[in-house]
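Have a look at the structure below before the remarks.
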Amino acid sequence: VEEEGGSSTQLTTKAAGSGAVYETLLVTKEDNITTITLNRPAKKNAITTGMYNEIIAALEQAAKDESVIAVFTGAGDFYCSGNDLTNFSKIQDGGVQEAARRGGDLLRKYVKAYIDFPKLLVAVVNGPAVGVSVTVLGLFDLVYATERATFHTPFSQLGQSAEGCSSYTFPKIMGAAKASEMLLFNKKLTAVQACELGLVTEVFPDSSFQSEVWARLKAYAKLPHNSLTLSKQLIRSGEKERLHAVNNAEVELLVERWTSDECLTAIMSFFQGKAKL
Amino acid sequence: VEEEGGSSTQLTTKAAGSGAVYETLLVTKEDNITTITLNRPAKKNAITTGMYNEIIAALEQAAKDESVIAVFTGAGDFYCSGNDLTNFSKIQDGGVQEAARRGGDLLRKYVKAYIDFPKLLVAVVNGPAVGVSVTVLGLFDLVYATERATFHTPFSQLGQSAEGCSSYTFPKIMGAAKASEMLLFNKKLTAVQACELGLVTEVFPDSSFQSEVWARLKAYAKLPHNSLTLSKQLIRSGEKERLHAVNNAEVELLVERWTSDECLTAIMSFFQGKAKL
Amino acid sequence: VEEEGGSSTQLTTKAAGSGAVYETLLVTKEDNITTITLNRPAKKNAITTGMYNEIIAALEQAAKDESVIAVFTGAGDFYCSGNDLTNFSKIQDGGVQEAARRGGDLLRKYVKAYIDFPKLLVAVVNGPAVGVSVTVLGLFDLVYATERATFHTPFSQLGQSAEGCSSYTFPKIMGAAKASEMLLFNKKLTAVQACELGLVTEVFPDSSFQSEVWARLKAYAKLPHNSLTLSKQLIRSGEKERLHAVNNAEVELLVERWTSDECLTAIMSFFQGKAKL
């Protein structure tokens with residue numbers, strides 16, 4: 001959840017071996033691992049409309065290539081500050097209703113890309129994570145976090161509602177009594193708390209985070225590939241249909257929320273600096 | 001699980017702003033919060049037949065009014081000692097079979113009222129909780145407990161079986177290996193243990209319990225109302241049908257249990273002071 | 001996961017009161033408890049083809065007799081080292097394809113015996129547990145472990161995939177982010193870690209493990225029997241159909257794995273001492 005200002009400054013990069021060019025991501029392929037780095041550090045890696053589309057494209061690319069693990073991480077000190085709220089301020093043709101519908105279609109497609117991703121999905125959470133970057137973590141196979149990371153989903157504060165299948169995955173992972181604190185009452189978790197609740201696999205000291213995590217991932221990527229991929233698909237196959245239904249229901253409610261006075265007032269307050277998350 | 005003796009002594013109260021009069025509850029509405037206080041402190045708030053009906057009525061009332069959160073708590077030192085076992089000793093027309101059938105109908109309707117409750121449901125567990133007051137906690141959105149609280153479901157000891165959808169919610173929240181200890185083997189949990197297992201959201205020192213919890217709830221009740229209510233419904237919608245089926249299956253088994261020699265013998269022993277829970 | 005060498009040395013025993021004779025198990029019945037002891041201590045209780053069939057028979061026997069609890073434990077220092085890999089080296093008629101098909105049929109029948117077992121199922125984990133002896137624990141009602149116990153499912157390392165319904169029960173119990181470490185990345189858990197994740201009910205000091213656990217189980221076996229059995233069935237009834245479907249899907253994938261070059265190469269390396277689990 002980040003306000004955009006000025007022009008973006010990150011470099012346009014060409015992903016090694018993929019041919020794809022991204023404006024908001026750094027995508028590298030090495031040791032059978034595709035690494036997708038959210039690359040808008042000046043904006044705490046807030047996700048713009050263009051960035052949603054680039055992430056979808058990067059996942060499609062990783063699904064097809066020879067890699068066995070796809071890793072998400074963030075450039076700079078933040079992992080990701082969530083949906084870029086300037087997405088709401090760029091409403092043009094058709095007004096709020098049409099913008100909400102288009103936003104819903106994009107979000108549905110975005111979350112679907114995670115649900116359908118056929119290979120191992122790993123988050124290397126290098127700093128604070130907010131909103132949709134937190135909620136999709138329930139669809140990841142491993143979530144490694146630095147001790148500096150935090151996990152925050154301030155939906156009701158902004159008059160919105162949960163997405164990323166978190167309305168289903170979070171109660172499944174941690175029980176409703178814990179999930180409600182996050183999804184309904186905006187509680188920000190430390191990395192250790194998120195690990196105790198099962199949202200995070202393991203927490204590392206910040207000083208050794210990168211070296212420990214990458215040593216482990218490189219070793220994992222050498223395990224029998226088909227065994228890894230087919231096992232992941234087996235584990236997820238039983239709830240895939242359910243996840244798509246949850247994604248649809250979440251987006252339907254969010255589209256309603258985005259056009260509600262309650263939500264518009266809350267977001268307006270945020271932009272005017274009256275509200276602090 | 002409490003034996004009744006003597007007449008009840010609590011005052012009949014008129015709920016502020018609701019018009020409803022309750023004999024066994026105190027119902028207040030303030031700051032967009034409906035508070036339902038179980039009010040038979042001399043009987044450790046054991047739930048009589050009349051009290052089941054009053055709670056159902058209070059939930060129906062709270063669903064319709066302008067409040068955004070419904071809170072359950074107990075008067076005195078206990079939260080609730082569960083089903084008042086004198087409900088079993090008042091068998092009249094039709095004998096045991098008919099009493100069991102009527103008891104089952106009431107229980108099904110009671111649990112259904114929690115499943116269908118459309119707003120936020122919070123338990124402020126101010127002391128020991130037993131039986132059905134524990135099992136329905138899986139249907140709550142937040143469960144705050146004083147460190148003095150305990151959680152005890154001694155069903156098999158009384159020849160009975162789990163209700164309140166706990167046969168589904170408890171394994172979901174804490175896994176079967178932990179849920180069995182409670183639901184099959186009568187293990188009494190401390191508040192801290194219940195919190196570690198995900199049944200309780202947070203535990204507070206007894207000295208600051210009321211002030212800390214109510215400060216938090218009052219702040220929560222100021223969040224965008226539709227966002228809270230619709231998000232809760234979203235989270236619960238995916239398993240509502242399942243919960244109703246579980247409720248029906250649980251009640252069906254309990255009705256069989258209530259008419260079994262095994263159960264009647266166990267309850268007889270309890271009344272004769274031979275058995276201690 | 002154990003290599004077999006030499007002939008087995010344990011005695012053939014006749015189960016007290018059952019009439020059944022087992023070569024690889026010790027089966028006793030006392031205090032309403034059927035105890036099934038895996039009895040190939042020289043081979044760390046690795047499960048051979050014959051032993052799978054004997055366990056299925058012992059479960060069928062326990063389902064029919066007057067006992068109320070069935071307990072699994074291991075003779076010697078190990079609980080169970082999992083599937084005896086010499087099962088793979090005894091391929092005869094029909095070659096690899098036919099051996100894989102037969103192995104799949106046996107495994108499906110084996111796991112089905114746990115899913116359908118109608119009484120309480122308790123694991124007394126007296127030492128390290130590996131592979132299928134770990135994965136079926138998600139189907140147990142109680143899992144007691146000595147502090148010396150470990151829990152290890154090195155499937156991907158051997159080019160294989162998860163079974164015992166663990167692809168469903170483990171993510172349900174501990175969340176996908178924790179389950180993946182075990183099922184995909186071969187992480188070995190200590191007893192305390194497995195308890196924190198909900199796979200284990202309680203951990204005991206090794207010195208008092210047997211006395212504490214058996215005192216508890218004997219007390220449990222005196223609780224009203226029908227109440228225990230019917231309550232267990234109630235808790236499991238809602239997911240029984242799902243568990244059978246999971247078992248089938250897991251076996252289907254494993255049969256494919258067993259005939260893959262990837263798996264055959266990994267197992268060959270293990271036998272040649274090149275790979276260490």
Side-chain angles (χ1 to χ4, degrees), chain A residues 68-69 114-115 119-123 125 136-145 151 165 168-175 178-179 191 194-203 216-240 242-243, chain C residues 135 153-163 165-187 193 196-198 239 241-267 269-270 275:
Chain A
V68 69
I69 301 180
Y114 290 88
I115 298 173
K119 301 178 182 177
L120 292 170
L121 208 45
V122 177
V125 186
V136 294
L137 291 178
L139 303 171
F140 278 63
D141 300 304
L142 289 176
V143 180
Y144 291 137
F151 299 86
C165 292
Y168 166 76
T169 60
F170 280 29
K172 182 183 171 182
I173 293 169
M174 59 185 84
K178 307 284 192 187
C195 189
E196 284 169 356
L197 293 178
L199 187 62
V200 165
T201 306
E202 193 171 337
V203 180
R216 214 179 282 192
L217 292 175
K218 279 173 192 176
Y220 289 168
K222 287 179 186 153
L223 289 165
H225 287 192
N226 293 333
S227 192
L228 287 180
T229 300
L230 295 170
S231 293
K232 183 235 159 95
Q233 291 173 9
L234 174 71
I235 291 172
R236 295 289 176 174
S237 63
E239 60 181 11
K240 211 163 170 180
R242 175 75 174 270
L243 290 170
Chain C
T135 55
T153 52
F155 297 124
S156 67
Q157 232 171 323
L158 292 168
Q160 303 191 36
S161 55
E163 21 69 341
C165 291
S166 61
S167 71
Y168 166 75
T169 60
F170 280 29
K172 183 183 171 183
I173 292 169
M174 59 186 83
K178 307 285 192 186
S180 297
E181 272 199 309
M182 289 192 76
L183 298 179
L184 298 173
F185 301 115
N186 313 297
K187 180 172 184 177
Q193 288 172 327
E196 285 169 355
L197 292 178
E239 60 180 11
E241 204 179 327
R242 174 76 175 270
L243 290 170
H244 286 304
V246 169
N247 185 24
N248 291 340
E250 288 176 346
V251 167
E252 193 179 340
L253 177 54
L254 254 180
V255 169
E256 182 275 333
R257 293 280 78 211
W258 287 334
T259 59
S260 69
D261 288 344
E262 203 178 66
C263 178
L264 294 173
T265 305
I267 291 176
S269 294
F270 176 78

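Labels below follow one simple rule: chain letters A, B, ... track the order of the sequence lines, proteins then strands, and each chain is numbered from 1. This one's a predicted model, so the numbers in the text were calculated from it and none came from an experiment.
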State, yes or no, whether a side-chain contact exists between [X] and [Y] at a heavy-atom distance under 4.5 Å.
X        : Y        : result
C/Ser167 : A/Lys232 : no
A/Leu223 : C/Asn186 : yes
A/Leu228 : C/Phe155 : no
C/Glu262 : A/His225 : yes
A/Ile173 : C/Met174 : no

Side chain, backbone, both or neither of A/Val122 within contact of chain C (heavy atoms, under 4.5 Å)
neither
Between the side chain of C/Gln160 and the main-chain N/O of A/Ser227, is any donor-acceptor distance below 3.5 Å?
no
Under 3.5 Å: donor-acceptor pair, side chain of C/Lys178, backbone of A/Gly198
no
With C/Glu252, which residues qualify under side-chain contact (heavy atoms from CB on, under 4.5 Å), at least two apart?
none
Set of residues satisfying side-chain contact (heavy atoms from CB on, under 4.5 Å) with respect to C/Ser180, sequence neighbours excluded:
A/Asp141, A/Leu142, C/Leu184
Heavy atoms of C/Pro171 and A/Ile235 approach each other most closely as CG-CG2, 3.9 Å
Indicate the atoms forming the closest heavy-atom contact of A/Arg216 with C/Glu181, along with that distance.
NH1-OE2, 3.9 Å
